[in-house]
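Data first, discussion second: the structure below is written as structure tokens.
Note on naming: letters A, B, ... go to the chains in the order of the sequence lines (proteins, then strands), and numbering restarts at 1 for each one.
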Protein chains: 2
Amino acid sequence: MTQKQEHLSKNQQIVLSIIERAKGPLKAYSILYNVQKRGIKAPLQVYRALEKLIEAGKIHKIESKNAFIACKNSDCEISKTTAFSICNNCEHVKEIKNLKLSKYLSNFADNSGMKYKKYNLEFFGLCKNCKIKQ
Amino acid sequence: MTQKQEHLSKNQQIVLSIIERAKGPLKAYSILYNVQKRGIKAPLQVYRALEKLIEAGKIHKIESKNAFIACKNSDCEISKTTAFSICNNCEHVKEIKNLKLSKYLSNFADNSGMKYKKYNLEFFGLCKNCKIKQ
DNA sequence: ATAACAAACGTTATATTATAACAAATTAAG
DNA sequence: CTTAATTTGTTATAATATAACGTTTGTTAT
């Protein structure tokens with residue numbers, strides 16, 4: 001029962017709620033714009049909250065987009081292993097939850113003698129909808 | 001024999017040669033600093049060269065670091081599928097060339113109906129050297 | 001409760017990364 | 001050659017992210 005169920009601070013809660021309500025990944029300055037009515041005025045306040053939320057596994061950063069998305073994988077406790085599918089057309093992003101994939105990658109070892117504790121995988125392609133339309 | 005053996009322009013050659021000589025990934029503004037003696041004066045000249053070099057598969061962007069590294073996988077013709085190992089301590093970055101891994105990921109399909117043509121995978125951990133020292 | 005410490009906050013300034021817009025020069029293709 | 005496409009040079013500016021500092025709030029141990 002020693003869940004890392006962090007208590008979230010006020011700013012962290014505000015930022016998280018914006019990200020959770022969003023349909024897709026949000027950029028930091030777009031978050032900032034959205035939370036100004038709630039008293040958060042400066043970029044740094046947003047970035048600090050983002051940092052903590054990432055540590056807590058509540059959100060992930062989509063590196064190729066510099067954007068942030070809520071974690072839907074409730075069982076990835078600290079979620080150091082992430083995979084996303086990204087549509088090149090409509091920009092839709094979805095976290096991939098696939099046990100085989102995550103096992104495969106978590107156990108991956110090459111001949112470098114390096115053991116990996118963390119990875120981030122971003123797949124790109126056309127989503128079902130956009131494939132039809134084109 | 002229809003290799004996409006692009007002719008590289010002057011600026012593209014200059015930027016590529018800097019990246020190829022480097023021991024690790026280089027940041028755009030560090031590249032800029034390195035090529036100023038060769039007549040490239042502005043960020044945009046560097047970014048334009050980087051863009052073309054990525055398209056040509058000569059270099060890759062390490063998204064988590066906003067840095068650029070030469071492609072050592074001579075057989076990845078356009079290299080839309082990339083994997084890297086990154087040491088969290090010494091920051092050493094190495095492109096992973098592993099046929100099983102690339103086959104596995106290239107063939108990966110989840111239930112979303114999305115077919116992936118491109119991916120980028122970044123593994124994090126401690127390299128052999130840093131593991132010993134700690 | 002309160003002292004001691006850690007975490008979060010607010011604020012200003014600034015660093016870092018990346019692109020827009022436009023005109024001139026160079027290169028490739030018919 | 002000449003037309004089209006690409007690359008270049010240049011200035012300005014947008015977008016993303018962190019440094020530094022002092023204050024406030026929250027936690028823990030006595």
Determine: side-chain N/O of B/N66 to OP1/OP2 of D/dT16, distance under 4.0 Å, yes or no. no
Atom-to-atom span, OH of B/Y33 to P of C/dT17 - whole angstrom: 16 Å
Quickly work out the A/E55 CD to C/dA6 P distance and round it to whole Å. 17 Å
Spacing of A/I31 atom CD1 relative to D/dT16 atom P, expressed in whole Å: 11 Å
For C/dT11, does OP1 or OP2 lie under 4.0 Å from any side-chain N or O of A/K41? yes
Per the atom types in the model, does the base of C/dA15 pair as donor or acceptor with the side chain of B/Y29 at under 3.5 Å? no
Between D/dT18 (C1') and A/L32 (CG): distance, integer Å: 15 Å
Could you check whether the rings of A/Y119 and B/F123 sit parallel, tilted or perpendicular, using 30° and 60° as the cut-offs? perpendicular
Closest-nucleotide mapping onto DNA chain C: is B/K61 or A/A42 further toward the 5' terminus? I mean the 5' end. A/A42
Choose from D/dT8, C/dA8, D/dA17 the nucleotide whose nearest atom is closest to any side-chain atom of B/K10. D/dT8
Taking atom P of C/dT16 as reference, at what distance in whole Å does atom CG of B/L26 sit? 16 Å
Spacing of A/Q12 atom CD relative to C/dA8 atom C1', expressed in whole Å: 8 Å
Taking atom C1' of D/dT27 as reference, at what distance in whole Å does atom NE2 of A/H7 sit? 11 Å
Which of D/dT16, C/dC9, C/dT11 is nearest the side chain of A/K27? It is D/dT16
Under 4.0 angstrom between A/K65 side-chain N/O and C/dA18 OP1 or OP2: no
Looking only at side-chain N and O atoms, does B/Q45 come under 4.0 Å of OP1 or OP2 in D/dT8? no
Co-membership, hydrophobic cluster, residues A/V93 and A/L26, 4.5 Å side-chain: no
In Watson-Crick or G-U wobble terms, with both distances under 3.5 Å, the base opposite C/dC22 is D/dG9
Within the pair A/N11 and C/dG10, is there a side-chain N or O less than 4.0 Å away from OP1 or OP2? yes
Have A/N120 and A/E122 got a donor and an acceptor in their side chains that come within less than 3.5 Å? yes
Of the listed nucleotides (C/dC9, D/dA17, D/dT8), which one gets closest to any side-chain atom of A/P43? D/dA17
To the nearest angstrom, how far is B/L8 atom CG from C/dA28 atom C1'? 16 Å
B/C87 versus B/C127, closest heavy-atom pair with distance: SG-N, 3.4 Å
Winner on side-chain proximity to A/K52, out of C/dT19, C/dA8, D/dT7, is C/dA8
Quick one: which of C/dA8, D/dT8, D/dT11 gets closest to the side chain of A/S9? C/dA8
B/L44 vs A/Y47, nearer the 5' end of DNA chain D by closest nucleotide: B/L44
Under 3.5 Å, side chain of A/S106 to main-chain N/O of A/K103, donor-acceptor pair present? no
Would you say B/L44 and B/I31 are hydrophobically clustered, going by side-chain heavy atoms of ILVMFWY under 4.5 Å? no
